[in-house]
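Encoded as structure tokens, the structure appears first; notes follow it.
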Amino acid sequence: MNAQLILDNLPTLLWGAYPNGPLGGLALTLLLASLAGLGSALLGVAGGVALTMWQGWPKRLLAALVGFLRAIPVLMLIFWAYFLLPILFGVDIPEIATVVAALALIGGAYLAHGAAAGLAAVGRGQWQAGLSLGLSRWQTLRLIALPQALRMMLPSFVNQWVALIKDTSLAYIVGVSELTYVATQLNNRTLVYPTEVFLFVGLMYFLLCSSLQLAAAHWSRRLRVA
Amino acid sequence: MLSLPPIDWLAPKYLNWMLWGVLETLFLSLLVALAATVFGLLLAALRDSRRRVLSLAALAYQTVFRNTPLLVQLLFWYFGASSLLPAQAVEWLNTPRALTLAAGWTLPWPSFEFIAGLFGLSLYSASFIAEEIRAGIRGVPFGQRQAAAALGLSGWQAMRWVILPQALRIALPPLFGQYMNVVKNTSLTMAIGVVELSYTSRQIETETLKTFQAFGVATLFYIAIIVAIELVLQQLRQGRWAPVGVGRR
Amino acid sequence: MKRGLLFLALLSTFAGHAYADKLDDIKKAGVLRVAVFDSNPPFGFVDAANKQQGLDVDYAQAIAKKLGVKLELRSTNPANRIPLLVSNKVDLVAANFTITDERAKQLDFSTPYFATGQQFIAKKGLLKQPADIGKLRIGADKGTTQEVTLREKYPTAKVIAYDDTPLALAALRNGNVQAITQDDAKLVALLAKVPDKDKYELAPFHLTREYQGIGVAKGETRLLKEVNATLTELEKSGQAKTIYDRWFGPTTPAPLPRTFKIGDKA
């Protein structure tokens, strides 16, 4: 074991070249995950509501889009968005924006799928109760169905965000220097310490994901008490 | 009318490689799905056990396996585990071999890369699958348990004949979602040398530099496999695996 | 892909995005964008101070200087070096790029500026002559032509391509493979770094001789000419030797005699 190697390179692993260069390492991983997590939550709830409330072809179109996003591997969506859009349409999207958008879209698709199922699971009785109280469909959704569905869905939100944190490492395909990327650079510069490097990487992701889960557990307990 | 020149597609030889990659991906995914479901059921049972030691152990397992990157886990099983074994065992595991069956038929022994990949992926996926099964069990109304008890069924009998069949039906869609993840996750085993779909697409890229074509074909294959799984799910849900309260009465 | 590229180029024209000659674009922008490896010492890597370094970086620098423009480096890996070039995110690829006929159908290579031989590090006593290769399990790096060569010349060898050199080396030290293959230029330095190096040895032969060139998008003949002219000039002025010596010369940890000059017949 060569713990000194990790200690010597800790600043790079934690925040990349910052402040002399762009932000990288663990800090960039956190930034990517937070932005994509937020985006996926918004897209997920909006998509779930749309899948529940819309009818006819808009619904079918959205369902097809959600199905496609759930089917394509994350790595490939990032790859195609980054390299094909400039060739086809001359649109140049920066790397970080591509990664955040791809992760938010895929995470959002998974959550939308789950949210629609959650809204359906709230039960016909609840919907009928709302409607018979004279509430409109949208009011019933907002006041009765959605709050219950969201509470039920918190675990799957957390699961999706954990997956998302780990998927930020796929940004390597477009050269974003998040944690795994700088760790790979270190690994290849030093050549003979892969164990140390990967143990450190595993530990960092473990800390990130576990703290998210702990926070969510704490929050859901408070929700239940309230 | 403008006639566009055709794209320079991959030669048949490479598409053939790709097909072998698809088969490897399918085979690995299938084995992982089976192993992870069995182990996931066991984990779910342990999690909900009344013995606190068992449920805590299962929780600890899930926390570690769900919250660390799959790549790191695969590297651990491939490199780490073999560095703990004696040198002769490593040599035996890594040597290509075939099982000779009767009448001259031989069955190729899976490579150590494949075994490590299967092992790592199954342990990882089981921790997620256990969660889906537990959610399914929680979704079975409490009255069902009481009814089973009133019929004189023991705890295990109630689980086997009353709770689990309903729980699996509830958990079917998220369970299939996990199987889709298994298919996509097999691509990470290319890091430890499993010759699956992503690995073959990289081989073709290296040889021909037709990156877009190689990755394009691989993307289409992944989407096709996932869509096929979705179709199987929908088929199941229209038949005997219909959602609770719908269909067979 | 050539016709494919044309097709894509046509599409991009429809999108109102016609390209002028790339050399003009570079001079107009005042910036040369070059993709270099960031995980392949000593050709391209990131040093302890987070700076891109290496032989390829030095060549990129020299070409930018000749063109009189600023250099902008972009890190790349084998999975995205062609996409970076084709989608016009970089102008050149200087990433230890081995030239083959098959590959030259997709892009243009400059005149070779480096030559390597395919070499092996094996467990002591296992690899004495090329005929032994077919009996071994051998680790390679993904994206390298060495994997292709082995597959074609020694179909009975079991070749496993790992993501990068540290993992291939770990596989050797763990016993997953019995030998690893890479450029001789990399292996000499690698063996010097291995803690238990007395257990391993360099194979006493080279399998092939490979030439590395700078990648230029198809059809950019003026840019290609300019790159070639620069390389020839670097050799003449002795600068090519200076760059070589900086990474492989007698004062480096793993010296390697210079057996190839730019302009030598490949």
Side-chain angles (χ1 to χ4, degrees), chain A residues 1-2 5 8-25 75-76 78-95 98 169-177 180-198, chain C residues 4-5 7-9 11-19 35 37-42 44-54 74-77 79-80 82-90 141 162-171 173-174 186 189-197:
Chain A
M1 273 297 144
N2 184 349
L5 172 84
D8 288 347
N9 293 284
L10 206 54
T12 307
L13 290 166
L14 293 185
W15 45 78
Y18 191 80
N20 303 317
L23 192 70
L75 181 70
M76 287 296 124
I78 299 175
F79 177 86
W80 291 113
Y82 185 71
F83 290 113
L84 209 56
L85 291 183
I87 297 176
L88 290 184
F89 306 109
V91 192
D92 233 335
I93 308 172
E95 300 80 57
T98 310
S169 67
L170 299 173
Y172 81 86
I173 196 76
V174 295
V176 171
S177 56
T180 309
Y181 198 78
V182 289
T184 305
Q185 291 177 342
L186 171 64
N187 198 18
N188 278 279
R189 171 155 53 83
T190 54
L191 287 171
V192 289
Y193 303 107
T195 314
E196 286 82 348
V197 172
F198 280 111
Chain C
L5 283 186
F7 166 63
L8 294 174
L11 277 180
S12 60
T13 317
F14 291 142
H17 211 89
Y19 296 124
F37 279 147
D38 63 343
S39 293
N40 194 0
F45 65 100
V46 177
D47 70 7
N50 249 309
K51 228 173 109 40
Q52 296 258 35
Q53 293 276 9
R74 176 76 207 247
S75 29
T76 187
N77 53 61
N80 70 13
I82 289 298
L84 280 174
L85 192 66
V86 171
S87 62
N88 193 33
K89 308 245 183 211
V90 298
D141 285 14
Y162 297 98
D163 280 5
D164 49 27
T165 312
L167 288 184
L169 182 67
R173 295 176 68 198
N174 254 316
K186 272 196 88 172
L190 182 63
L191 189 58
K193 275 198 167 189
V194 179
D196 49 349
K197 53 171 148 305

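Reminder, nothing fancy here: chain letters follow the sequence lines and each chain counts from 1.
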**OP:** Find the one option among A:Asn20, A:Thr190, A:Asp8, A:Leu85 whose heavy-atom pairs under 4.5 Å with chain C are most numerous.
**Re:** A:Thr190
Subject >> Contact leader toward chain C among A:Val174, A:Asn9, A:Leu186, A:Val197, where contacts are heavy-atom pairs under 4.5 Å >> reply: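 Most heavy-atom pairs under 4.5 Å with chain C: A:Val174.
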What's the shortest heavy-atom distance between [X] and [Y], and which atoms?
X	Y	answer
A:Val182	A:Gly25	CG2-CA, 3.8 Å
A:Arg189	C:Pro41	CA-CG, 4.4 Å
A:Ser169	A:Thr180	CB-OG1, 3.2 Å
A:Ile173	C:Asn80	O-ND2, 2.7 Å

**OP:** Check for a donor-acceptor pair, side chain of C:Asp141 on one end and backbone N or O of C:Thr165 on the other, with a separation under 3.5 Å.
**Re:** yes
Does any backbone or side-chain atom of [X] lie under 4.5 Å from a heavy atom of chain A? Answer side chain, backbone, both or neither.
X	result
C:Lys51	neither
C:Pro42	neither
C:Asn77	side chain
C:Ala79	both
C:Leu84	both

Subject >> Check against salt bridge (Lys or Arg N to Asp or Glu O under 4.0 Å), A:Glu95 and C:Arg74 >> reply: CA-CA 12 Å; A:Glu95 300 80 57; C:Arg74 176 76 207 247; 3.6 Å; yes
Original post:
Are side-chain heavy atoms of A:Val192 and C:Arg173 found at a separation under 4.5 Å?
Top reply: yes
Original post:
Which atoms of A:Phe198 come close to chain C, meaning under 4.5 Å heavy atom to heavy atom: side chain ones, backbone ones, both, or neither?
Top reply: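 Answer is side chain: those atoms of A:Phe198 sit under 4.5 Å from chain C.
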Original post:
Where does A:Tyr193 contact chain C at under 4.5 Å (heavy atoms): side chain, backbone, both or neither?
Top reply: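 Neither; nothing under 4.5 Å.
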